[in-house]
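Note sheet for the following structure.
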Amino acid sequence: MAVIQVEHVRKRFGNKDALEDVSFSIPKGEIFGFLGPSGSGKTTLIKILTAQLNPTDGQASVLGQPATTMQQSAQKMRFGILTDNSGLYERLTIEENLELFRQLYSLPKSSIDKVLQFVNLSGERKKKVNRLSKGMRQRVMLACAIIHEPELLFLDEPTSALDPVNSAHIYKGLRYLNEKGTTIFLTTHDMAEAESLCDRVAILYQGQIQAIGSPKELKKQHRENVVRVDLTNGEAYELPVTEGTADQIADWMKRGLIDRLATKEPSLGDIFIQMTGSELL
Amino acid sequence: MSISLRRARAIFVKDYKEFSRNYAISISLIVPILFAFLFRSAGPSLPGAIGFLFNISLVLLTCLVQACLIAEEKERNTLRTLMMTPATTLDVLIGKSALVFVLSALALAIASYVMGYEPASLWAVVAAVVLSIILYIAVGTICGLFSKTLLEASLSVIPAAMVFTAPPVAPLLFGDYPILKVLDYTPSIQLVQLLELPPGFMTGDILKPLLIISAWTVVFSIISVVLYQRRLKDE
Ligand SMILES: Nc1ncnc2c1ncn2[C@@H]1O[C@H](COP(=O)(O)OP(=O)(O)OP(=O)(O)O)[C@@H](O)[C@H]1O
Ligand SMILES: [Mg+2]
């Protein structure tokens with residue numbers, strides 16, 4: 001059964017469509033990445049899926065219920081969300097912030113220790129939030145979003161503005177959560193992040209999904225039919241896949257001239273630029 | 001809509017911790033007590049003093065603090081984060097209001113004691129003050145929900161202060177025009193009437209002001225809940 005099912009969703013703001021016609025579904029246990037240039041409607045989609053916005057048209061269901069019911073307490077127990085407009089109580093310590101969430105979700109005391117270990121902040125628990133660095137703050141917000149071990153986790157650019165070490169911490173945590181069964185829906189600007197973390201990605205542009213699939217599949221689909229050959233004498237060629245090329249390569253091979261031989265594969269970033277005509281970041 | 005006392009209490013405890021570390025806002029606790037000492041030194045029979053004290057405290061303490069607490073949650077995005085947890089509208093509003101309620105009740109009780117104020121009917125005054133505190137909390141909630149920042153919230157309380165506390169002094173400023181009779185139905189004038197009830201009062205003298213204040217309280221509480229629920233959506 002799909003954890004998220006989106007059918008022909010459209011969202012209009014004023015006289016402009018932020019989302020035109022978006023359909024996809026996410027099975028249980030997947031890490032799904034939503035990629036798209038700034039303003040393409042990624043956040044809008046998360047808001048629709050969490051009942052913060054109503055779609056103008058189309059249907060979305062989340063965790064087996066219509067997305068519009070996600071405001072009910074029983075549904076809220078089942079998902080967690082971290083967006084760029086999540087916030088923390090500045091005058092409270094990390095632990096006090098988590099204590100609030102523990103109570104709101106009716107969890108046992110041990111859940112705080114567990115989640116603190118998870119985001120690697122056990123040693124900092126008594127620190128006030130207004131003394132924390134950006135990366136620590138982001139990890140605390142993640143902790144608040146996952147303290148109840150949700151079935152589904154929405155992450156809107158979870159690692160933007162984080163350095164690679166902090167991002168790596170978060171990736172590790174997310175993979176672990178995922179292994180324990182949490183389905184993860186994330187948006188990102190970071191292609192490397194999408195490639196290493198996501199089982200599948202979708203590229204959103206001009207209100208529609210332009211491509212969807214595993215990073216591997218997408219790369220295969222967009223592979224150009226060329227081989228790249230580096231010779232031991234320093235020469236390098238990009239050759240079309242033809243019989244002539246095969247003969248040429250066989251010849252070089254016999255003479256022991258080949259240093260490196262590879263099919264040329266586009267990166268996810270290349271595909272993204274090709275689809276959207278825009279550079280990220 | 002359901003209420004979970006556990007969740008409302010968690011929000012209350014959180015607000016209490018934040019409030020006690022936020023000196024810029026917690027200082028408003030001393031407003032009523034400061035006025036009480038001021039009026040006491042002017043003599044206990046200063047006309048209108050007790051009414052002024054209660055009305056100004058309801059604005060500067062109850063309404064202002066509630067508006068600031070809500071506006072700060074909006075400014076820091078914590079309100080949206082709270083809305084994404086199982087806490088319902090009533091959990092959040094009751095949890096947040098409970099703190100301001102307790103503080104207001106405490107401060108007004110201390111101020112009355114300092115002034116040496118003795119009401120003609122204790123229960124009527126207590127009922128009127130409880131209702132008024134709830135009313136001004138609702139007004140503060142509305143001000144907070146409409147403002148984007150703490151500063152806006154503090155400023156938005158000024159019109160509320162004019163509407164709600166000016167009526168008792170209006171006749172002194174503008175003379176006794178018949179049109180000002182409308183102001184008799186404001187909650188501040190009704191509260192003053194109850195506070196200054198003469199000893200030989202009738203039941204009707206109590207009932208009418210209580211009913212009028214209740215009506216205001218109910219209307220504004222409903223408005224504040226409806227406004228909060230609209231905020232759940234991000235349109
Ligand atoms: N509440 C709103 N009212 C009007 N227009 C809106 C609203 N929210 C978003 N938009 C518009 O919808 C479009 C999509 O915005 P959205 O925030 O979903 O983009 P995004 O993909 O999340 O961008 P980013 O990567 O910068 O976060 C934008 O053009 C934005 O201006
Ligand atoms: Mg966004």
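Values below: all heavy atoms of this structure, side chains included; hydrogens, waters and symmetry mates excluded. Nothing here was measured: the structure is a model prediction, and the numbers come from that model. In what follows, every chain begins at residue 1, and chains take the letters A, B, ... in the order their sequences are listed.
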Under 3.5 Å, side-chain donor or acceptor atoms of residues 78-85 of chain A against the rest of the protein: list the pairs with distances, not counting sequence neighbours.
residue, atom, partner, partner atom, Å
Arg78(A), NE, Glu151(A), OE2, 2.8
Arg78(A), NH1, Leu63(A), O, 3.4
Arg78(A), NH1, Gln75(A), OE1, 3.1
Arg78(A), NH2, Glu151(A), OE1, 3.0
Thr83(A), OG1, Asn85(A), N, 3.0
Thr83(A), OG1, Asn85(A), OD1, 2.7

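For a residue to count as touching a neighbouring chain, one of its non-hydrogen atoms must lie under 4.5 Å from one of that chain's; by this rule Ala51(A) touches chain B with backbone and side chain alike.
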Walk me through it: do Arg9(B) and Gln103(A) pass the test side-chain contact (heavy atoms from CB on, under 4.5 Å)?
-> CA-CA 9 Å; Arg9(B) 196 189 56 208; Gln103(A) 299 272 359; 4.2 Å; yes

Decide side-chain contact (heavy atoms from CB on, under 4.5 Å) for Met84(B) and Gln52(A); before the verdict, give the C-alpha distance in whole Å, the side-chain angles of both, and the deciding distance to 0.1 Å.
-> CA-CA 9 Å; Met84(B) 289 290 121; Gln52(A) 299 177 65; 3.3 Å; yes

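Of the listed residues (Thr78(B), Thr81(B), Leu82(B)), the greatest number of heavy-atom pairs within a distance under 4.5 Å of chain A belongs to Thr78(B).
What you find for Met77(A) and Pro86(B) is that their closest heavy atoms are SD-CG, 3.2 Å. The two atoms that bring Ser73(A) and Arg7(B) nearest to each other are OG-NH2, 3.9 Å, heavy atoms only.
Of the residues listed (Ile11(B), Asp91(B), Val92(B)), the one engaging Leu104(A) in a side chain to side chain contact (heavy atoms under 4.5 Å, CB included) is Ile11(B), and it is the only one.
Counting non-hydrogen atoms of neighbouring residues, nucleotides and ligands closer than 6.0 angstrom, the CD1 atom of Ile27(B) reaches no more than 12 such neighbours. Surrounding CD of Gln65(A) are more than 12 heavy atoms belonging to other residues, nucleotides or ligands, all under 6.0 Å away. The number of heavy atoms from other shown groups lying within 6.0 Å of CZ (Phe24(A)) is above 12.
The interface of residues 122-142 of chain B with chain A, defined by heavy-atom distances below 4.5 Å, is empty. The interface of residues 14-21 of chain B with chain A, defined by heavy-atom distances below 4.5 Å, comprises Lys14(B), Lys17(B), Glu18(B), Arg21(B). Identified by a heavy-atom distance below 4.5 Å to chain B, the contributing residues of residues 86-102 of chain A are Ser86(A), Gly87(A), Leu88(A), Tyr89(A), Glu90(A), Arg91(A), Leu92(A), Thr93(A), Glu96(A), Leu100(A), Phe101(A), Arg102(A), in residue-number order.
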